Enquirer: 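Okay, handing you the structure first.
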Amino acid sequence: CAMAMNSKPFTVFVEGNIGSGKTTFLEHFRRFEDITLLTEPVEEWRNLKGWNLLDLMYKDTAKWAMTFQSYVSLTMLEMHQRPTPTPVKLMERSLYSARYCFVEHMMRSGTIHPAEFAVLDEWFKFIMNHIHIDADLIVYLKTTPLVVYERIKKRARSEEQCVPLSYIEELHKLHEDWLINRQHAECPAPVLVIDADLDLSQITEEYKKSEHQILRKAVDVVMR
Ligand SMILES: Cc1cc2cn([C@H]3C[C@H](O)[C@@H](CO)O3)c(=O)nc2[nH]1
């Protein structure tokens, strides 16, 4: 059912480490007409006017990380701002995981220069103060670093083949700090934790748990 454009849709961020099954989770909701799915625009990051920024970032991180994260944030902001004709909007990742997980890691590991971090952080703070983009719910696909590391190898996305386990472990810790230990007050949305270590056959039960919570909220939005 089309939504009156003036009311905000029930917005869900689907968050999790690389290889945690976010795209698979989102595809599970493809069949619901009342839900708009916004998957990560990886293809845009792989081809900006012919430049594969994702590959450049993984190949020469010190040189390209700032450029890459700057463009990722722009594409995420565009998705946050995109008008949604349905009562529910599911987004893969967000400006929050961009800042609290990926950019945070790049700063702590010295991959980007403190001056580059300062610029990215000023953009993030400006957006937080001027644009309303928070979630009504965050679905956290919680995984064990070793499990997703093996999946990344199996999935064999070419740009990711040189990703070390240590990077996956650090990203995991930053997701836990944010979504389990709740260290960032700017993003107060409730978190629904899904055990995403489960393999495809078992995980449907876990998805059903979130389906109920998301769809019930969607009914609330429509009835509002
Ligand atoms: C918001 C955000 C998403 C995102 C993804 N990535 C990388 C991780 C994966 O290899 C690929 C697709 O998620 O892009 C990144 O480096 N920085 C990011 N920031």
Side-chain angles (χ1 to χ4, degrees), residues 13-23 40-46 48 51-77 79-80 91-128 133 138 140-187 191 193 196-197:
F13 297 161
V14 180
E15 300 284 359
N17 210 334
I18 303 171
S20 57
K22 293 180 297 307
T23 306
E40 230 175 21
V42 182
E43 290 320 309
E44 288 184 51
W45 308 340
R46 280 175 151 155
L48 170 59
W51 302 106
N52 182 342
L53 296 177
L54 181 67
D55 196 44
L56 288 169
M57 185 274 293
Y58 275 127
K59 283 216 171 70
D60 184 350
T61 311
K63 180 177 168 59
W64 291 101
M66 162 73 177
T67 303
F68 175 72
Q69 288 303 337
S70 176
Y71 186 58
V72 166
S73 295
L74 176 61
T75 58
M76 300 311 285
L77 180 56
M79 290 192 342
H80 283 296
M91 246 182 83
E92 185 177 4
R93 289 224 174 99
S94 63
L95 271 172
Y96 293 101
S97 36
R99 172 64 190 79
Y100 297 148
C101 300
F102 292 93
V103 169
E104 186 68 19
H105 167 71
M106 289 175 168
M107 181 272 288
R108 292 188 189 184
S109 59
T111 307
I112 57 176
H113 186 284
E116 292 179 310
F117 172 73
V119 171
L120 290 173
D121 193 43
E122 286 304 303
W123 272 104
F124 179 73
K125 287 189 294 198
F126 179 89
I127 291 168
M128 288 301 122
I133 58 166
I138 297 176
Y140 174 33
L141 300 183
K142 184 183 170 77
T143 52
T144 308
L146 205 51
V147 167
V148 291
Y149 182 67
E150 293 311 322
R151 283 187 196 162
I152 291 168
K153 294 287 163 218
K154 254 194 301 217
R155 171 170 76 183
R157 187 184 271 159
S158 59
E159 296 93 342
E160 295 167 350
Q161 287 323 296
C162 56
V163 168
L165 176 58
S166 57
Y167 177 53
I168 302 297
E169 285 167 341
E170 282 145 34
L171 279 182
H172 172 72
K173 190 190 168 312
L174 287 166
H175 278 86
E176 293 285 300
D177 288 348
W178 169 34
L179 298 171
I180 304 296
N181 309 328
R182 304 313 318 252
Q183 284 179 4
H184 299 291
E186 307 92 320
C187 182
V191 178
V193 182
D197 274 348

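None of these values were measured; they are calculated from a predicted model. As a basis for the values below, the full set of heavy atoms in this structure was taken, side chains included, without hydrogen atoms, waters or symmetry mates. Positions are given from 1, in the same order as the sequence printed here.
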Enquirer: So, H184 side chain and E186 main chain: donor-acceptor pair closer than 3.5 Å or not?
Expert: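 Flag not set: sc H184 to bb E186 has no pair under 3.5 Å.
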Enquirer: Answer whether the closest heavy-atom distance between the side chains of W178 and I138 falls below 4.5 Å.
Expert: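 Yes, their side chains come closer than 4.5 Å.
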Enquirer: Looking only at heavy atoms, what is the nearest atom pair of Y71 and L48, with distance?
Expert: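 Closest approach of Y71 to L48: OH-CD1, 3.7 Å.
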Enquirer: Mark yes or no for whether R151, through its side chain, and G19, through its backbone, hold a donor-acceptor pair below 3.5 Å.
Expert: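 Indeed, once roles are kept as given, a pair shorter than 3.5 Å links the two residues.
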Enquirer: Checking side chain to side chain contact (heavy atoms under 4.5 Å, CB included) for the pair F102/V72: CA distance, chi angles, key distance, verdict?
Expert: CA-CA 10 Å; F102 292 93; V72 166; over 6 Å; no
Enquirer: Hey, does V119 have a side-chain heavy atom less than 4.5 Å from the side chain of E116?
Expert: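 Contact flag for E116/V119 side chains = no.
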Enquirer: Would you mind reporting whether R157 and I152 have side-chain heavy atoms less than 4.5 Å apart?
Expert: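 No. Closest side-chain heavy atoms not under 4.5 Å.
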Enquirer: Drop me the distance from I127's CD1 to I133's CD1, to the nearest 0.5 angstrom.
Expert: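 One finds 6.5 Å between CD1 of I127 and CD1 of I133.
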Enquirer: Can you find a heavy atom in the side chain of Y149 that is under 4.5 Å from one in the side chain of I18?
Expert: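 No, their side chains stay 4.5 Å or more apart.
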Enquirer: Give, for atom CE of M106 and atom CD of Q69, the distance between the pair rounded to the nearest 0.5 Å.
Expert: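 Answer rounded to 0.5 Å: 4.0 Å.
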Enquirer: Salt bridge or not between K125 and E122? Use side-chain N to carboxylate O under 4.0 Å.
Expert: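 Yes, charged N to carboxylate O under 4.0 Å.
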Enquirer: Does a salt bridge link E150 with K154, judged by any charged N lying under 4.0 Å from a carboxylate O?
Expert: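 Looking at K154 together with E150, the answer is no, because their closest N to O distance does not fall below 4.0 Å.
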Enquirer: May I have the step-by-step check of side chain to side chain contact (heavy atoms under 4.5 Å, CB included) for Y140 and E176, ending in yes or no?
Expert: CA-CA 9 Å; Y140 174 33; E176 293 285 300; 2.5 Å; yes
Enquirer: Can you tell me if NZ on K59 sees more than 12 non-hydrogen neighbours from other groups inside 6.0 Å?
Expert: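 No, NZ of K59 has 12 or fewer neighbouring heavy atoms, counting only those of other groups under 6.0 Å.
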Enquirer: For residues K22 and F13, determine if any side-chain heavy atom of one lies less than 4.5 Å from a side-chain heavy atom of the other.
Expert: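 No, side chains not in contact.
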Enquirer: Taking the six-membered ring for Trp, are W45 and F68 parallel (under 30°), tilted (30 to 60°) or perpendicular (over 60°)?
Expert: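 Correct class here is perpendicular.
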Enquirer: Salt-bridged, R155 to E160, with N to O below 4.0 Å?
Expert: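 Judged by the 4.0 Å cut-off on N to carboxylate O distance, R155 and E160 do form a salt bridge.
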Enquirer: If you round to the nearest 0.5 Å, how far is SG of C101 from NE2 of H172?
Expert: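 The NE2 atom of H172 sits 11.0 Å away from the SG atom of C101.
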Enquirer: In Å, rounded to the nearest 0.5 Å, how long is the span from CD1 of I168 to CG of N17?
Expert: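 One gets 5.0 Å once the value is rounded to the nearest 0.5 Å.
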Enquirer: Working to the nearest 0.5 angstrom, can you tell me the gap between M66 CE and H113 NE2?
Expert: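 So the CE of M66 and the NE2 of H113 are separated by 11.5 Å.
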Enquirer: Could you grab the distance from atom CZ of R93 to atom CE of M91, nearest 0.5 Å is fine?
Expert: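 Separation between the atoms: 11.0 Å.
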Enquirer: What closest approach, in Å, do S20 and T143 show between heavy atoms, and which atom pair accounts for it?
Expert: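 That closest heavy-atom pairing would be CB-CG2, 3.6 Å.
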Enquirer: Exactly one of D177, L174, L171 should register a side-chain contact (heavy atoms from CB on, under 4.5 Å) with E104. Which one does?
Expert: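 Going through D177, L174, L171 one by one, the side-chain contact (heavy atoms from CB on, under 4.5 Å) with E104 is satisfied by L174 alone.
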Enquirer: Side-chain contact test, heavy atoms from C-beta onward, threshold under 4.5 Å: evaluate it for L146 versus E169 and give yes or no.
Expert: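 Side chain of L146 against side chain of E169, heavy atoms only: no contact under 4.5 Å found.
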Enquirer: A156 and Q161: which non-hydrogen atoms are nearest, and at how many Å?
Expert: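 Scanning both residues, the minimum pair turns out to be CA-NE2, 3.1 Å.
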Enquirer: Could you tell me if the side chain of V191 sits less than 4.5 Å from the side chain of R182, heavy atoms only?
Expert: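 Touching, per the 4.5 Å side-chain cut-off.
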Enquirer: One thing to verify: whether R46 and D55 come together as a salt bridge, which I'm taking to mean a side-chain N less than 4.0 angstrom from a carboxylate O.
Expert: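 No, no charged N to carboxylate O under 4.0 Å.
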Enquirer: Less than 3.5 Å apart, any donor N or O on the side chain of S73 or W123 sitting next to an acceptor on the other?
Expert: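 No pair is found: no donor N or O on one side chain lies under 3.5 Å from an acceptor on the other.
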Enquirer: We want to know whether E15 and S97 form a side-chain donor-acceptor pair, criterion being a heavy-atom distance below 3.5 angstrom.
Expert: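 S97 and E15 do have a side-chain donor-acceptor pair below 3.5 Å.
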Enquirer: Decide yes or no on side chain to side chain contact (heavy atoms under 4.5 Å, CB included) for Q183 and Y100, but give the supporting numbers first.
Expert: CA-CA 10 Å; Q183 284 179 4; Y100 297 148; over 6 Å; no
Enquirer: L120 versus M107: any side-chain heavy-atom pair under 4.5 Å?
Expert: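 Not touching, per the 4.5 Å side-chain cut-off.
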Enquirer: Determine, stepwise, if the pair W64 / Y58 fulfils side chain to side chain contact (heavy atoms under 4.5 Å, CB included).
Expert: CA-CA 8 Å; W64 291 101; Y58 275 127; over 6 Å; no
Enquirer: Compare every heavy atom of K153 with every heavy atom of V163, then report the nearest pair and how far apart it is.
Expert: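 Here V163 and K153 meet closest at O-NZ, 4.1 Å.
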